[in-house]
Protein chains: 2
Amino acid sequence: MADPKWLDDEEMRAWQAFLATSALLDRRLDQQLRDEVGLSHLQYEILVQLAAAEGNAMRMTELAASLLNSKSGLTYQISQLEKSGLVHRAPCTIDVRGVYAALTDEGRKLLERAAPGHVALVRELLIDVLTREQLTAIADGLGEASRRMLPKDGIAEPVR
Amino acid sequence: MADPKWLDDEEMRAWQAFLATSALLDRRLDQQLRDEVGLSHLQYEILVQLAAAEGNAMRMTELAASLLNSKSGLTYQISQLEKSGLVHRAPCTIDVRGVYAALTDEGRKLLERAAPGHVALVRELLIDVLTREQLTAIADGLGEASRRMLPKDGIAEPVR
DNA sequence: CCAGATTTGTTCAAATTCGAATCTCCTGCT
DNA sequence: AGCAGGAGATTCGAATTTGAACAAATCTGG
């Protein structure tokens with residue numbers, strides 16, 4: 001890995017656009033969610049995951065993995081959400097160590113209240129800005145990139 | 001804003017790919033930079049900005065803006081970098097309030113040592129995963145999206 | 001030239017994030 | 001059964017981020 005190829009103009013343009021969009025978009029979404037329902041973007045995503053799960057509940061580790069976040073960070077956020085009454089913890093019957101984070105009715109209501117505005121902003125700031133071709137290119141390209149980075153990445157590379 | 005259009009499958013695919021890539025990529029880059037040169041991704045970006053600037057120096061506010069970060073956060077990071085000897089502060093002659101953050105020789109050396117590996121990883125995890133068409137679509141699409149979100153966004157919309 | 005509005009950079013406390021350490025419990029193996 | 005190793009979740013302290021409040025300096029219109 002002596003002297004890796006530098007980025008050409010087009011690559012640089014894409015990279016910087018990606019970085020900028022990522023930073024700006026996240027900030028805006030976070031801001032709006034805080035203003036409208038008092039949730040951080042992460043907290044919102046937690047509620048979304050729970051709402052989509054079987055029985056509106058998930059194991060902590062599973063949830064952390066699906067959010068691409070650290071377990072200790074999730075413990076903290078779930079505690080916050082529990083204080084707010086949006087989520088509650090339940091012991092796992094099949095594994096005494098396990099803990100379920102479950103969406104409460106209040107949590108579901110808040111999520112339903114938050115979602116329309118959130119989706120509208122995602123649309124306004126990103127989705128509706130893109131052409132259909134760009135949208136597909138992003139879904140495909142970034143889909144592939146994220147897939148390759150997923151946990152289990154470097155594990156058991158087939159010998160060919 | 002009664003009932004905004006929901007995201008269809010393709011839009012959802014793009015949105016989730018974007019979110020995932022953003023989270024995973026940032027973490028990986030941060031990790032590598034820490035391991036190899038002991039810098040966070042943000043600190044690396046600060047050095048990059050300074051290296052690219054006139055005289056290897058920038059005003060705090062200007063730097064914060066170009067990094068899309070808060071001023072107080074920048075103050076903290078510049079202090080850290082100053083402790084490490086990678087950056088130094090200099091008073092601004094034309095405005096007594098002003099402060100320049102300037103790259104030191106040591107900072108430049110570290111940056112030159114860090115850059116190759118960083119670029120290689122950006123390539124490996126993102127750039128080289130994309131086709132040329134996807135790269136262009138991302139540069140164009142996200143370029144437009146980020147442009148619209150830039151500070152000064154909603155200001156003085158021409159009356160037309 | 002001056003009062004008031006703005007800008008600059010920092011400071012502060014509170015909230016969040018991170019990873020290492022920890023504690024408890026489960027699983028596979030002998 | 002019994003034990004080593006791994007998994008699940010939390011706790012802890014340190015590092016970082018945030019926005020509000022601040023002090024100092026600059027700019028603006030009258």
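Labels below follow one simple rule: chain letters A, B, ... track the order of the sequence lines, proteins then strands, and each chain is numbered from 1. Just the heavy atoms: all of them, side chains too, but no hydrogens, waters or symmetry mates, feed the values below.
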*Got a sec, which residues hit side chain to side chain donor-acceptor pair (under 3.5 Å) with S70(A), two or more places apart in sequence or on another chain?*
none
_Under the rule for side chain to side chain donor-acceptor pair (under 3.5 Å), what residues qualify as partners of D140(B), not counting sequence neighbours?_
R13(A)
Nearest-Å distance, [atom1] ([X]) to [atom2] ([N])?
X	N	atom1	atom2	answer
K71(A)	dT17(C)	NZ	P	17 Å
D26(A)	dT17(C)	CG	P	11 Å
D30(B)	dC18(C)	CG	P	9 Å
L39(A)	dT16(C)	CG	C1'	15 Å
H41(A)	dT16(C)	NE2	P	15 Å

Spell out, as yes or no, whether a donor-acceptor pair under 3.5 Å connects the side chain of [X] to the backbone of [Y].
X	Y	value
D30(B)	H41(B)	yes
T104(A)	L86(A)	yes
Q134(A)	T131(A)	yes

*Please identify each residue that fulfils ring pair (Phe, Tyr, Trp, His ring centres under 6.0 Å) with Y44(A), with sequence neighbours left out.*
H118(A)
*Indicate for each nucleotide in nucleotides 15-20 of chain D, in 5' to 3' sequence, whether protein heavy atoms under 4.0 Å reach the base (B), only the sugar-phosphate (S), or nothing (-).*
SSBBB-
_Between R28(A) and E124(A), does the salt bridge (Lys or Arg N to Asp or Glu O under 4.0 Å) criterion hold? Intermediate values first, please._
CA-CA 11 Å; R28(A) 290 287 195 95; E124(A) 178 192 335; 5.8 Å; no
*When you measure from every atom of DNA chain C, which of residues 90-100 of chain A have a heavy atom less than 4.0 Å away?*
D95(A), V96(A), R97(A)
*Counting only side-chain N and O atoms of T75(A), is one of them less than 4.0 Å from OP1 or OP2 of dA9(D)?*
no
*Look at the side-chain N and O atoms of R59(B) and state whether any lies under 4.0 Å from the OP1 or OP2 oxygen of dT8(C).*
no
*Pairs flagged by side-chain hydrogen bond (donor to acceptor under 3.5 Å, both in side chains) wherever residues 53-65 of chain A is involved - sequence neighbours left out*: N56(A)-R108(A)
